[in-house]
There are 2 protein chains.
Amino acid sequence: MTNSRRSRSASAEDVAKLAGVSRASVSRVFSDQGNVARETREKILQAANELGYQVNFLAQGLNRKRSQLIGVVVARLSDPFRSSLLEGLLSEIQRKGYQALVTEVRDANELEVTIRRFTQFRVSGVVVTSGQPPADLVKECVQHNIPVVGINRHMDIPYVDFVCSDNKMAALLVAEQFVRSGCSSIAWLNYRESTWSGINRGEMFRQVMVEQGVCDEGDLLHVTADIDGYEGGRLAAHRFCAQGKTVDGVFCANAQLACGFLDGMRENGFDAPTDFHIIGFDNTPQTAQYSYRLTTIHQDVEETAKRVLSCLEARGQDPHIDQCIEEIPVKLVIRNTSPSF
Amino acid sequence: MTNSRRSRSASAEDVAKLAGVSRASVSRVFSDQGNVARETREKILQAANELGYQVNFLAQGLNRKRSQLIGVVVARLSDPFRSSLLEGLLSEIQRKGYQALVTEVRDANELEVTIRRFTQFRVSGVVVTSGQPPADLVKECVQHNIPVVGINRHMDIPYVDFVCSDNKMAALLVAEQFVRSGCSSIAWLNYRESTWSGINRGEMFRQVMVEQGVCDEGDLLHVTADIDGYEGGRLAAHRFCAQGKTVDGVFCANAQLACGFLDGMRENGFDAPTDFHIIGFDNTPQTAQYSYRLTTIHQDVEETAKRVLSCLEARGQDPHIDQCIEEIPVKLVIRNTSPSF
DNA sequence: CAAAACGCTGAACACGTGTTCATTTGTTAA
DNA sequence: TTAACAAATGAACACGTGTTCAGCGTTTTG
């Protein structure tokens with residue numbers, strides 16, 4: 001098949017020579033632009049096939065001043081929700097014909113150099129799944145016409161779009177569920193140094209509880225975990241029990257905390273749903289398992305990813321449209337820890 | 001700071017003009033190659049800083065015929081071990097100054113077009129964490145001097161390196177642990193259509209059990225799950241109990257299966273370690289949690305990632321060195337389901 | 001002191017594409 | 001038959017780098 005012994009890969013020049021046409025026509029065929037006669041197209045395609053020709057994306061990007069790459073900033077993939085979000089983004093990015101440039105970032109400082117690297121690759125867009133995009137850097141992106149989208153966070157940065165699960169809707173669903181099942185003493189569990197979305201979820205929940213008349217102002221019990229994740233939730237439960245407190249219903253900022261809190265309570269002799277109800281955020285696989293059967297708020301990762309990409313493409317088209325803030329509806333998945341009736 | 005009103009980003013040409021030198025010297029400074037006088041270097045750096053100059057990686061890659069990208073093929077990130085492996089790879093890739101081009105792949109067909117895309121970006125290397133690299137495509141990579149490394153798999157493809165956890169060592173550790181705790185009736189649990197590494201782990205285990213005289217040839221009980229993951233393990237346990245079988249010790253091909261099997265046995269009234277012992281593969285966060293406290297084989301993700309990159313760089317240097325196959329030592333993490341004594 | 005060596009610099013080329021512009025060819029309308 | 005027009009094509013330029021080569025001034029060497 002490939003009978004060129006050179007290890008160097010074939011260029012459009014080579015294809016043109018073999019097909020007996022000009023390089024411009026080859027380019028026209030592969031970039032699907034401009035007119036080219038049926039006959040010529042076929043000759044070119046056959047020559048390309050014979051030589052195993054593939055467009056050089058670096059040269060293409062250099063010329064177009066834009067690569068078909070999309071930069072994705074992630075953090076803490078050990079959190080199952082994070083990794084499922086990344087999975088959804090990857091899937092949608094590939095479906096749209098882009099390639100994902102993924103970087104893991106630990107502190108805000110790293111985020112800055114990361115985004116800068118993205119610009120050096122002339123990415124078509126940047127997706128920030130965690131952390132706050134530094135305002136001045138974003139301005140730089142806007143200047144280079146690079147769209148930036150943040151996930152699960154709202155901020156007032158001009159020309160930067162945000163896609164976020166509907167935390168107010170989640171709060172409503174949970175409040176209704178608690179009321180329906182007769183819970184009266186209700187707590188909110190969150191990590192001390194929570195993310196923006198964690199804090200927002202708590203704020204929305206407090207607000208709804210007051211609106212629904214379940215709690216008085218400032219009456220919602222806050223339980224704070226000193227470390228994040230499963231162990232944080234577990235230790236919080238232990239301290240909670242040691243202080244002799246009790247609750248009817250607990251709403252948790254994420255699934256890890258919820259699982260940990262439930263296990264912590266179990267270690268102290270309390271179980272759900274017999275002794276109390278508990279609802280978590282992020283419908284991770286673990287929450288569905290036999291040991292937990294946790295009632296949770298489900299975030300629609302696929303829809304989120306879709307909206308993210310449509311935002312990117314819209315702003316790639318016209319960089320100066322108004323800031324777009326999308327709220328993605330959530331679902332309440334009812335399992336054992338806060339059952340149907 | 002940036003007083004150029006053009007949205008176009010500054011090029012080396014602009015820097016050279018501002019610093020009053022030639023563009024070649026600018027290139028020399030930023031590629032850290034060749035000699036350049038201290039004084040000139042400082043002038044250039046200051047001008048670059050003033051213009052916010054950043055090297056264009058597309059142009060750089062085009063010229064060097066190699067980008068500082070590394071293609072990573074992943075699959076099923078919902079498996080916590082997979083995502084932790086990706087996390088380790090990302091971390092090491094960035095530490096070495098590369099950028100990760102991540103693609104999720106579902107079937108072998110996708111893998112082919114994916115790797116082809118990687119070559120179009122002139123990546124410095126390809127890491128395949130899942131699936132079997134198609135031989136002819138790999139040949140193409142070799143021809144273009146693109147190193148390919150596979151993880152948790154061995155194959156006899158010339159010029160392709162493999163990094164794999166030491167499954168024989170894992171089998172030995174588990175066998176010893178079972179013997180030490182007096183287990184005599186032992187089973188191996190795996191998914192029916194398991195991955196290469198799953199199959200290899202089972203084969204090594206069987207081999208070691210015979211060598212150690214624990215089982216006779218063909219005597220090791222195989223339990224197969226019809227679906228993968230947690231639910232597969234759980235259903236396998238139900239069927240196992242329904243058939244009235246019993247065991248002392250169970251070794252599982254991965255953590256998800258192990259958790260599922262344990263929960264399935266519990267639903268049938270059997271628990272570990274009182275009624276039987278169980279050991280899993282992949283020391284995922286979940287296995288450490290209160291509800292499981294699973295004894296597992298721990299794979300050293302960081303070390304794996306390090307070896308992967310050193311393989312890539314070695315073969316990038318000289319494409320024709322012998323195939324390198326690395327076995328990464330594993331550890332036995334002892335918890336409740338197969339306790340110390 | 002002449003010659004050789006060395007450090008530094010700029011001009012010019014190559015990398016592989018997309019795109020513009022002028023030119024040629026083939027078709028339709030007047 | 002001619003003019004007008006649309007479709008197809010190739011030459012040439014631009015994108016932003018790395019690198020080679022020759023030239024220059026300065027220092028070392030014999």
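Since the model is a prediction, treat every value here as computed from it, not as a measurement. So that the names make sense, note that chain A is the first sequence line, chain B the second, and so on, each numbered from 1. Because only heavy atoms are used, hydrogens play no part in the values below, and waters and symmetry mates are left out as well, while side chains stay in.
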Check: So do B/Lys306 and B/Ser91 actually touch side chain to side chain, heavy atoms under 4.5 Å?
Finding: no
Margin query: Once you apply a heavy-atom cut-off of 4.0 Å, does A/Glu39 come out as touching a base, just sugar-phosphate, or nothing?
Written below: nothing
Next item on the list: Would you mind classifying the nucleic acid contact of B/Asn56 as base, sugar-phosphate or nothing, using non-hydrogen atoms under 4.0 angstrom?
Entry: sugar-phosphate
Euclidean distance, atom [atom1] of residue [X] to atom [atom2] of [N] [Å, nearest integer]:
X: A/Lys43; N: D/dT9; atom1: NZ; atom2: C1'; result: 11 Å
X: B/Lys65; N: C/dC13; atom1: NZ; atom2: C1'; result: 12 Å
X: B/Leu58; N: C/dT17; atom1: CG; atom2: P; result: 14 Å
X: B/Glu13; N: C/dA11; atom1: CD; atom2: C1'; result: 12 Å
X: A/Glu42; N: D/dA8; atom1: CD; atom2: P; result: 14 Å
X: B/Phe30; N: D/dT17; atom1: CZ; atom2: C1'; result: 13 Å
X: B/Leu51; N: D/dG16; atom1: CG; atom2: C1'; result: 15 Å
X: A/Asn35; N: D/dC5; atom1: CG; atom2: C1'; result: 14 Å

Check: Using a cut-off of less than 4.0 Å, is there contact between a side-chain N or O of A/Ser11 and OP1 or OP2 of C/dC15?
Finding: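 No, because none of the side-chain N or O atoms of A/Ser11 sits under 4.0 Å from OP1 or OP2 of C/dC15.
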Check: Under 4.0 Å: is that the gap between some side-chain N or O of A/Ser22 and OP1 or OP2 of D/dG10?
Finding: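 Looking at the OP1 and OP2 atoms of D/dG10, one of them is under 4.0 Å from a side-chain N or O of A/Ser22.
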Note to self: Please check if the number of heavy atoms outside A/Asp322 that lie under 6.0 Å from its CG is greater than 12.
What the structure shows: no
Margin query: Looking at A/Gln46, I'd like to know if its CD atom is crowded, meaning that more than 12 non-hydrogen atoms belonging to other residues, nucleotides or ligands lie closer than 6.0 Å.
Written below: no
Margin query: Using only atom types and a distance under 3.5 Å, with no angle test, would you say the side chain of B/Gln94 pairs donor to acceptor with the backbone of A/Glu104?
Written below: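 The answer is yes, because a donor-acceptor pair under 3.5 Å joins these two groups.
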Notebook entry, point to check: Between A/Leu58 and B/Ser67, what is the shortest heavy-atom contact and its length?
Noted result: CD1-CB, 4.2 Å
Next item on the list: State, to 0.1 Å, how close B/Glu327 and B/Ser165 come at their nearest heavy-atom pair, and which atoms those are.
Entry: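 Smallest interatomic distance, heavy atoms only, reads OE1-O, 3.8 Å.
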Checklist line | Check: B/Ser9/A/Arg122 side-chain N/O donor and acceptor closer than 3.5 Å | finding: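 On atom types as modelled, these side chains qualify, holding a pair under 3.5 Å.
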Check: Where the side chain of B/Ser25 is concerned, which of D/dT17, C/dG10, C/dC8 is the nearest nucleotide?
Finding: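 Selected nucleotide: C/dG10.
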Item checked: Residue A/Gln60, side-chain heavy atoms: nucleotide from D/dG16, C/dG18, C/dC8 that is nearest ->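 Side chain of A/Gln60 sits closest to C/dG18.
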Collect all protein-nucleotide pairs involving nucleotides 19-25 of chain D in which both atoms are nitrogen or oxygen and the distance is under 3.5 Å.
| unit_1 | atom_1 | unit_2 | atom_2 | d |
| --- | --- | --- | --- | --- |
| D/dT19 | OP2 | B/Gln33 | OE1 | 3.3 |

Notebook entry, point to check: Once the angle between the rings of B/Trp196 and B/His154 is folded into 0 to 90°, is it parallel (under 30°), tilted (30 to 60°) or perpendicular (over 60°)?
Noted result: tilted
Margin query: Which label fits B/Phe30 and B/Tyr53: parallel for a plane angle under 30°, tilted from 30 to 60°, or perpendicular past 60°?
Written below: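 It falls in the perpendicular class, over 60°.
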Notebook entry, point to check: Among residues 116-126 of chain B, which contact DNA chain C at a heavy-atom distance under 4.0 Å?
Noted result: none
